Amino acid sequence: MASWEDNVRKVVPYTPGEQPKIANIIKLNTNENPYPPSPAVLKALRETDGDYLRRYPDPKSQDLTEAFARLHGISSSRVFAGVGSDDVLAMCFLTFFNSEKPVLFPDITYSFYDVWADLFRIPYRTVPLDENFGIVKEDYYGENGGVIFPNPNAPTGIPMKQSDVTDILDRNKDVVVIVDEAYVDFCGESMLGLTGEYENLLVVQTLSKSRALAGMRIGFAVGSEKLIRYLNDVKYSFNSYTMNYTAIKAGEAALEDRGYFEYTREKIIATRERSKKEMEKLGFIVTDSRSNFLFVRHKEAAARDLFRALREAGIIVRYFDKPRIDNYLRITVGTDEQMDTLFAFLESWLKKEKA
Ligand SMILES: *Cc1c(COP(=O)(O)O)cnc(C)c1O
């Protein structure tokens, strides 16, 4: 290594699900919405005037935070917007996890948390889920530098009861607790309402999954005015213009079209529930996922073999080569037609394997 490399900040980056450039694949690996975004979003983009692009965007992203605030009946001073929830979460780690004590999160969870912790030199400790992949609330009682978990959790899809979340909050009043609600629209029980009650609770959401805007990069944090002020101070010390003009307009349009949102999310939930039953018929053990993906294990076939066979058939799912979950597949809920193709392939492949 050259000597200048001694002082390089070295990190092991997060590995995103692949975005293959192959035509005609069924892509069920990154929890994208199988339906397009609201037509109102495309209209807003068509109406983008070149003069707006010439100018710097609103550093406060006010139109966007106000649209989100209106939807939830809260003040926009309690809303922060970022470039996808990944950007929001990175800002949160940088702002709120600044203790010598370890930040706590589950051992099986969104695999970006430990990457941010390492990047920002934040000490952390992973807390094992129970044997049914449940979060054990008592494990978060001790001293720590902050707490973060997704609800529903990823990649298991399993949600926590609100009473368990409030229990963790009651035991952690001296640190910031972050609930990552990337999938909450497919679950139903948001903790957003608790942010009025707990000054140290931050709820993070995204338009990537339930609003089909992964390509536009829009995420939010909701919390007390104090938390949002601290978050904005760090953001303005880093890059004032994270949200570009088109993202602000597209996000606003998506949030305002409640009818389309309800229609597509109900369709995805219905497909998910049907898919759970179909997968069980095929010999899979299926977690009771409340997200837009399934987390499954086959009674006989190894996940790695299934993953490879599916890939060869042009069906891309997610496989994590990690302790405890290396025999599972995470399969995004696609359209009914895509899921039927998946079931048909699995049925014939499993039959062939058995023979
Ligand atoms: C998808 C996901 C995110 C990030 O989504 P963005 O596209 O950056 O908004 C954050 N947390 C979890 C648990 C996710 O699954």
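All ligand and atom numbering here is 1-based and tracks the order in the structure. All of these numbers come straight from a predicted model, not from anything done at the bench.
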Quiz prompt | Centroid-centroid under 6.0 Å between Phe149 and Phe105 rings | solution = no
Write 'none' if nothing qualifies; otherwise put on separate lines each N/O atom of ligand 1 with a protein N/O atom under 3.5 Å away and their distance to 0.1 Å.
{"unit_1": "ligand 1", "atom_1": "5 (O)", "unit_2": "Ser85", "atom_2": "OG", "d": "3.2"}
{"unit_1": "ligand 1", "atom_1": "7 (O)", "unit_2": "Ser208", "atom_2": "OG", "d": "2.6"}
{"unit_1": "ligand 1", "atom_1": "7 (O)", "unit_2": "Arg217", "atom_2": "NH1", "d": "2.8"}
{"unit_1": "ligand 1", "atom_1": "7 (O)", "unit_2": "Arg217", "atom_2": "NH2", "d": "3.4"}
{"unit_1": "ligand 1", "atom_1": "8 (O)", "unit_2": "Ser85", "atom_2": "N", "d": "3.2"}
{"unit_1": "ligand 1", "atom_1": "8 (O)", "unit_2": "Asp86", "atom_2": "N", "d": "2.9"}
{"unit_1": "ligand 1", "atom_1": "8 (O)", "unit_2": "Asp86", "atom_2": "OD2", "d": "3.3"}
{"unit_1": "ligand 1", "atom_1": "8 (O)", "unit_2": "Arg217", "atom_2": "NH2", "d": "2.7"}
{"unit_1": "ligand 1", "atom_1": "9 (O)", "unit_2": "Ser85", "atom_2": "N", "d": "2.6"}
{"unit_1": "ligand 1", "atom_1": "9 (O)", "unit_2": "Ser85", "atom_2": "OG", "d": "2.8"}
{"unit_1": "ligand 1", "atom_1": "9 (O)", "unit_2": "Thr206", "atom_2": "OG1", "d": "2.5"}
{"unit_1": "ligand 1", "atom_1": "9 (O)", "unit_2": "Ser208", "atom_2": "OG", "d": "3.3"}
{"unit_1": "ligand 1", "atom_1": "11 (N)", "unit_2": "Asp180", "atom_2": "OD1", "d": "3.4"}
{"unit_1": "ligand 1", "atom_1": "11 (N)", "unit_2": "Asp180", "atom_2": "OD2", "d": "2.7"}
{"unit_1": "ligand 1", "atom_1": "15 (O)", "unit_2": "Tyr183", "atom_2": "OH", "d": "2.5"}
{"unit_1": "ligand 1", "atom_1": "15 (O)", "unit_2": "Lys209", "atom_2": "NZ", "d": "3.0"}

Self-check item: Same apolar cluster (I L V M F W Y, side chains within < 4.5 Å links), Val79/Leu64
Solution: yes
Quiz prompt | Whether Tyr263 and Tyr260 hold their rings parallel, tilted or perpendicular, with breakpoints at 30° and 60° | solution = tilted
Quiz item: Judged by atom type as modelled, is there a donor-acceptor pair below 3.5 Å linking the side chain of Asn153 to the main-chain atoms of Thr156?
Solution: no
Exercise. May I ask you to decide whether Lys277 forms a salt bridge with Glu280, counting only side-chain N to carboxylate O separations under 4.0 Å?
Key: no
Self-check item: Within 45° cone of Tyr183 ring axis and under 6.0 Å: Arg290 NZ or CZ
Solution: no
